[in-house]
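Note that the coordinates shown come from a computational prediction; the quantities given were computed from them, not determined experimentally. Naming convention: chains lettered A, B, ... in sequence-line order (proteins, then strands); numbering from 1 in each chain.
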Amino acid sequence: MEWIHIADFLKDIEPLHQEFYDQPTLELAKALLGCLLIKETKEGIAAGYIVETEAYIGPGDRAAHSYQNRRTKRTEIMFHRSGLAYTYVMHTHCLFNVVSGGEEKPEAVLVRALEPAFGIELMKIRRGIEELTKLTNGPGKLTKSMGISMEDYSRALTSPPLYIAKGICTESISAGKRIGINNSGEARDYLWRFWVTNNKYVSKQQKT
DNA sequence: TGATAGATTGTCT
DNA sequence: GACAATCTATCAG
């Protein structure tokens, strides 16, 4: 049944090209809102519209893993070309980022929330819950729903099984302080978090 | 509905 | 051995 819908769904889907990822990180963070994030696995396809992102600009951003160009096994991928996937394990969860900035510029955009678009049944099974709004409204939740893991580390986002495609137009974008970073000095107050205004799938906090 | 504490695993000092 | 770009359960109101 659903495979018919899959063909129909993918008919007009084209992965975004390299040029898309070459724009400045803050621009990319906003441009990603409304885009479709798609993951193909043996179990099926899951997709969601990106509704919340955060920018991390390495060298001068104390909240970023790559602050002051700190280059380790974990942050290595941030020094590579833009358009790659940077997955990172936090406690028991996995977080998904898009590398940006280009070679030797350790910048990235964290995807914080999605609006479920396709493969919703699969997402519900993977999360073990029914409520749509709780399926992907958080960085750790969306990776579980989509089936994204450390196996996707360093994967290019320009082709299957994991890629991003042009989605819908977003009417309004809001900006605010990033979440979950504490003693980061000045960086704590940067308005580097972006979300689709009034979208109910955005992770908690904030209204306007 | 809102705030708080605990879980739990990889990475770095 | 300490800490982290989080989630969830639980308790208070």
Whole angstrom value for the distance that separates [atom2] of [N] from [atom1] of [X]:
{"X": "A:Ile77", "N": "C:dA5", "atom1": "CD1", "atom2": "P", "result": "19 Å"}
{"X": "A:Lys73", "N": "B:dC12", "atom1": "NZ", "atom2": "P", "result": "7 Å"}
{"X": "A:Leu142", "N": "C:dT6", "atom1": "CG", "atom2": "P", "result": "12 Å"}
{"X": "A:Tyr88", "N": "B:dG10", "atom1": "OH", "atom2": "C1'", "result": "9 Å"}
{"X": "A:Tyr86", "N": "B:dT11", "atom1": "OH", "atom2": "P", "result": "10 Å"}

Between [options], which nucleotide gets closest to the side-chain atoms of [X]?
{"X": "A:Thr92", "options": "B:dT8, C:dC7, C:dA5", "value": "B:dT8"}
{"X": "A:Arg127", "options": "B:dC12, C:dA4, C:dT8", "value": "C:dT8"}
{"X": "A:Asn97", "options": "C:dA5, B:dC12, C:dC7", "value": "C:dA5"}
{"X": "A:Arg70", "options": "C:dA5, B:dC12, C:dC7", "value": "B:dC12"}
{"X": "A:Leu110", "options": "C:dC7, B:dT8, C:dA5", "value": "C:dA5"}

key: Flag side-chain contact, heavy atom, 4.5 Å: A:Trp195 against A:Thr53   = no

ask   = Do the non-hydrogen side-chain atoms of A:Leu36 and A:Ile13 ever get within less than 4.5 Å of each other?
value = yes

inquiry  = Under 4.0 Å, counting only non-hydrogen atoms across every strand here, what does A:Tyr67 touch: a base, just sugar-phosphate, or nothing?
reply    =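 No contact.
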
query = Hey, does A:Arg178 reach any base, or is it just sugar-phosphate, or nothing, if we go heavy atoms under 4.0 Å?
reply = nothing

Heavy-atom donor-acceptor pair, A:His65 side-chain to C:dA5 base, under 3.5 Å =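 Answer is yes: a donor-acceptor pair is held.
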
[N] phosphate, OP1 or OP2, under 4.0 Å from [X] side-chain N/O:
{"X": "A:Arg188", "N": "C:dA5", "value": "no"}
{"X": "A:Arg74", "N": "B:dT9", "value": "no"}
{"X": "A:Thr72", "N": "B:dT11", "value": "no"}
{"X": "A:Lys141", "N": "C:dT8", "value": "yes"}

ask   = So with a 6.0 Å cut-off around NZ of A:Lys124, is the heavy-atom count from everything else above 12?
value = yes

message = Please determine whether the number of non-hydrogen atoms from other residues, nucleotides or ligands lying under 6.0 Å from atom NZ of A:Lys39 exceeds 12.
response =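 Atom NZ in A:Lys39 is packed in, count exceeds 12.
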
message = Quick check: on DNA chain B, is the nucleotide nearest A:His93 upstream (toward 5') of the one nearest A:Met150, or the reverse? Name the residue that is more 5'.
response =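 Its nearest nucleotide being more 5', the pick is A:His93.
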
Pair A:Glu103-A:Phe79, side chain to side chain contact (heavy atoms under 4.5 Å, CB included): steps then yes or no = CA-CA 6 Å; A:Glu103 299 276 347; A:Phe79 290 83; over 6 Å; no

